[in-house]
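Working notes, beginning with the structure itself.
Whatever order the structure lists them in is the order used to number ligands and atoms, beginning at 1. Every heavy atom of this structure was used, including side-chain atoms; hydrogens, water molecules and symmetry mates were not.
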Amino acid sequence: MPLLVMKFGGTSVADLDRIANAAEKVKREVERGYDVIVIVSAMSGKTNELVGWVETTSHLYDAREYDAVVASGENVTAGLMALRLQEMGVPARSWQGWQVPINTTSAHSSARFVSIPRENIDAKFEEGFKVAVVAGFQGLSEEGRITTLGRGGSDTTAVAFAAAFGAERCDIYTDVDGVYTTDPRITSKARKLDKIAFEEMLELASLGAKVLQTRSVELAMRYKVRLRVLSSFEETDENSGTLVCDEEDIMESKAVSGVAYSRDEAKITLVTVEDRPGIAAGIFGPLAEAGINVDMIVQNISEKNYEGHTMAVTDMTFSCPTNQVARARKALEDARAAGTIVYDDLVVDTEVAKVSVVGIGMRSQSGVASRMFAALAAENINIKVIATSEIKVSVLIDRKYMELAVQALHDAFALEKA
Ligand code: ADP
Ligand code: ASP
Ligand code: MG
C-alpha cells in the first residue's frame, strides 16, 4: 500500500474544529488509497505554556523533567486526532514516542533520532488500521526516558517517519500555503515559491525561517524525502504548496531567493582581551562546555601598549540566542576568575536581531553583499556584525529595525518578482 506522511502544526490542531478539519484532509488521502502516518504538534501555544510552567517551578530545571512535561502537549492532540478519525469511520490508532518506539539520543530537549523500528506500526496497518497518528517532537532515550527534539521538532519527526517508512511524500501542513521569499507576516510583498532547493531551505531555516525545523530539512536532503509545505486551511491537491527539492530541479537562479530573520539574538563583547595564542580557545571552550550556541564571531585588530596591560589587547564579539546570555556570562566570568582569560569588561546587547539574504545563485553572481549593505544604508540602518558563507550574507542590527531591514532587502533584490 502506498504511504503518505502528513504533519499538522500547532495552529492546524489549535482546537477541536481544526483537528476535525485536519482529519478531513487525512480521510481524503485514505480514500485515495493511501495508508497515512499523521504527525501532530501540540495545540498552538501549549508548548510555550508547558515550558513556562517548568521554568516557574524550577529555575535550573532537570532537563529530563522538562522533557517529561513539555512532550505532553503532543500526546493530547495525537489521541484526539485518532478519536476524530475513528468518529469519521477511519480506523486510526495513536502512538506516543515510547510506544513506536522512537529511539533517540539522551540529549534532553535537543535529542536526535537513533532508530525508528517499523514493526509495531506495520503490524497495525496489517491488522487493517489505515492511519497511525504519532505524537511529534518526542522520543525515548537509551535510558528509557522521554526526550524532545528541540522547538519545531515535529517537522523532523515527520521527515524521519517518511524516511523510515519509505513514504511517497512528506506533507507539512501549516498556517501558510508554502515557503515564501520571506515571512509573509513581515511583508505582503512576500512571494510563494513553487520549489526551493534543499540547500536554500536549510540555510533559511537555520537563519530563522521557522516554517521548517532545520534538522527536518537536513534529514529530507540526506534520505531524499519528497518534502512539501502547504496550507491546512485551504483546499489542496498534488500541486499545492512548495516542494523542497534538489537544486537541479529548479530553473530560477536569482542571486538571492529569500530573506530570513532571527529576532532573539544577543551580542556579547569582551572588552580589552589580552591577545595571545590560545585566547579564542580560552573564550569559546568554556562557552561550548556551557552549551552556548555561538553564532557570529568578530575579533578586532589588536592594539599594542594598552594602558594597564603587558601585552597587545583586542575586543572579541560574538552572538548567541538571548535566552543563553545568563549562562554565557557565567561561563566567561568563571573562566576569568580561574585566570584562563583576561578581559576588562563584558558588554551585553540583547536588543539585536539577525537578518540574512540567502540564495544558491550567490555562488556564481557577485555583488550581493554590497547591494545588501547599500539597501540597509539607504534606510539608515547600522550594521553591527557581518557574516558570510557561500550562499548567505547575514548582518546583526538593532532589533527595532528588523522588519524594516527585511522589507528593504526584499525590495532591493526584487523578490516580489518571479
Ligand atoms: P507550525 O505550527 O505549523 O509548525 P510554524 O509557526 O512553526 O508553524 O511555521 C509557520 C510560520 O513560519 C508561518 O506562519 C510564518 O510566519 C513563518 N515563516 C517564517 N519564514 C517563512 C517563509 N520564508 N515562508 C513561509 N513562512 C515563514
Ligand atoms: N510543539 C513543539 C513546539 O512548539 C513542536 C512542534 O510544534 O513542532 O516547538
Ligand atoms: Mg513549526
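- Residue-ligand proximity, Arg151 to ligand 2, at heavy-atom distances under 4.0 Å covers atoms 3 (C), 4 (O), 9 (O).
- Within 6.0 Å of atom CZ in Arg327, more than 12 heavy atoms from other residues, nucleotides or ligands are found, so the atom counts as buried in its surroundings.
- Of the heavy atoms in Thr182, only backbone atoms (N, CA, C, O) come closer than 4.0 Å to ligand 1.
- Summarising the local packing, CZ of Phe373 is surrounded by more than 12 heavy atoms from other residues, nucleotides or ligands at distances under 6.0 Å.
- Residue-level proximity to ligand 2 for Glu74 is carried by the side chain, the only part with a heavy atom below 4.0 angstrom.
- Residue Arg185 has at least one heavy-atom neighbour below 4.0 Å for each of these atoms of ligand 1: 13 (C), 14 (O), 15 (C), 16 (O).
- Ligand 1 lies less than 4.0 angstrom from a heavy atom belonging to Gly178.
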Arg226 and Leu243: CA distance, side-chain angles, deciding distance, side-chain contact (heavy atoms from CB on, under 4.5 Å) verdict: CA-CA 7 Å; Arg226 270 176 78 78; Leu243 190 68; 4.0 Å; yes
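- In terms of heavy atoms, Ile268 sits closest to Ala328 at CD1-CB, 3.9 Å.
- Ranking protein heavy atoms by distance to atom 13 (C) of ligand 1, first place goes to Asp175 OD1, 3.5 Å.
- With Tyr343 as the aromatic partner, Arg336 meets the cation-pi criteria of under 6.0 angstrom to the ring centre and within 45 degrees of the ring axis.
- Evaluated for a side chain to side chain contact (heavy atoms under 4.5 Å, CB included) with Leu227, the options Ile172, Val5, Ile196 yield exactly one hit, Ile172.
- The nearest heavy-atom contact from the protein to atom 24 (N) of ligand 1 is Tyr180 N, 2.9 Å.
- Within the 4.0 Å heavy-atom cutoff, Gly152 counts among the residues contacting ligand 2.
- Ligand 1 does not have Leu204 within reach: every non-hydrogen atom of the residue lies 4.0 Å or more from it.
- Looking at atom 7 (O) of ligand 1, its nearest protein heavy atom turns out to be Lys210 O, 3.4 Å.
- The shortest heavy-atom distance from Lys7 to ligand 1 is under 4.0 Å.
- The nearest protein atom to atom 2 (O) of ligand 1, hydrogens excluded, is given as Gly10 N, 3.1 Å; this is a heavy-atom distance.
- Among all protein heavy atoms, the one lying closest to atom 27 (C) of ligand 1 is Val211 CB, 3.7 Å.
- For Pro184, no nitrogen or oxygen atom sits less than 3.5 Å from a nitrogen or oxygen atom of ligand 1, counting backbone and side chain alike.
- Contact between Arg399 and Glu265 at its shortest, heavy atoms only, is NH2-O, 3.2 Å.
- To the nearest 0.5 Å, atoms NE2 (His410) and CG (Asp183) are separated by 10.5 Å.
- Between Phe318 and Phe284, a ring centre-to-centre spacing shorter than 6.0 Å is recorded.
- Under a cut-off of 6.0 angstrom, the local environment of NZ in Lys192 is crowded, with over 12 non-hydrogen atoms contributed by other residues, nucleotides or ligands.
- Listed by atom number, the atoms of ligand 1 under 4.0 Å from Ala209 heavy atoms are 20 (N).
- A salt bridge (Lys or Arg N to Asp or Glu O under 4.0 Å) with Lys354 is found for exactly one of Asp264, Asp295, Asp398, namely Asp295.
- Using a 4.0 Å heavy-atom cutoff, Gly153 is listed among the residues neighbouring ligand 2.
- For the pair Phe125/Ile37, a side-chain contact is recorded, criterion being any heavy-atom separation below 4.5 Å from C-beta on.
- Protein heavy atom closest to atom 21 (C) of ligand 1, with residue, atom name and distance, is Asp183 CA, 3.7 Å.
- Taking a cut-off of under 4.0 Å to the non-hydrogen atoms of Val179, the atoms of ligand 1 that pass are 24 (N).
- Among all non-hydrogen protein atoms, the one lying nearest atom 7 (O) of ligand 2 is Ser41 OG, 2.8 Å.
- The closest protein non-hydrogen atom to atom 1 (P) of ligand 1 is Thr174 OG1, 3.6 Å.
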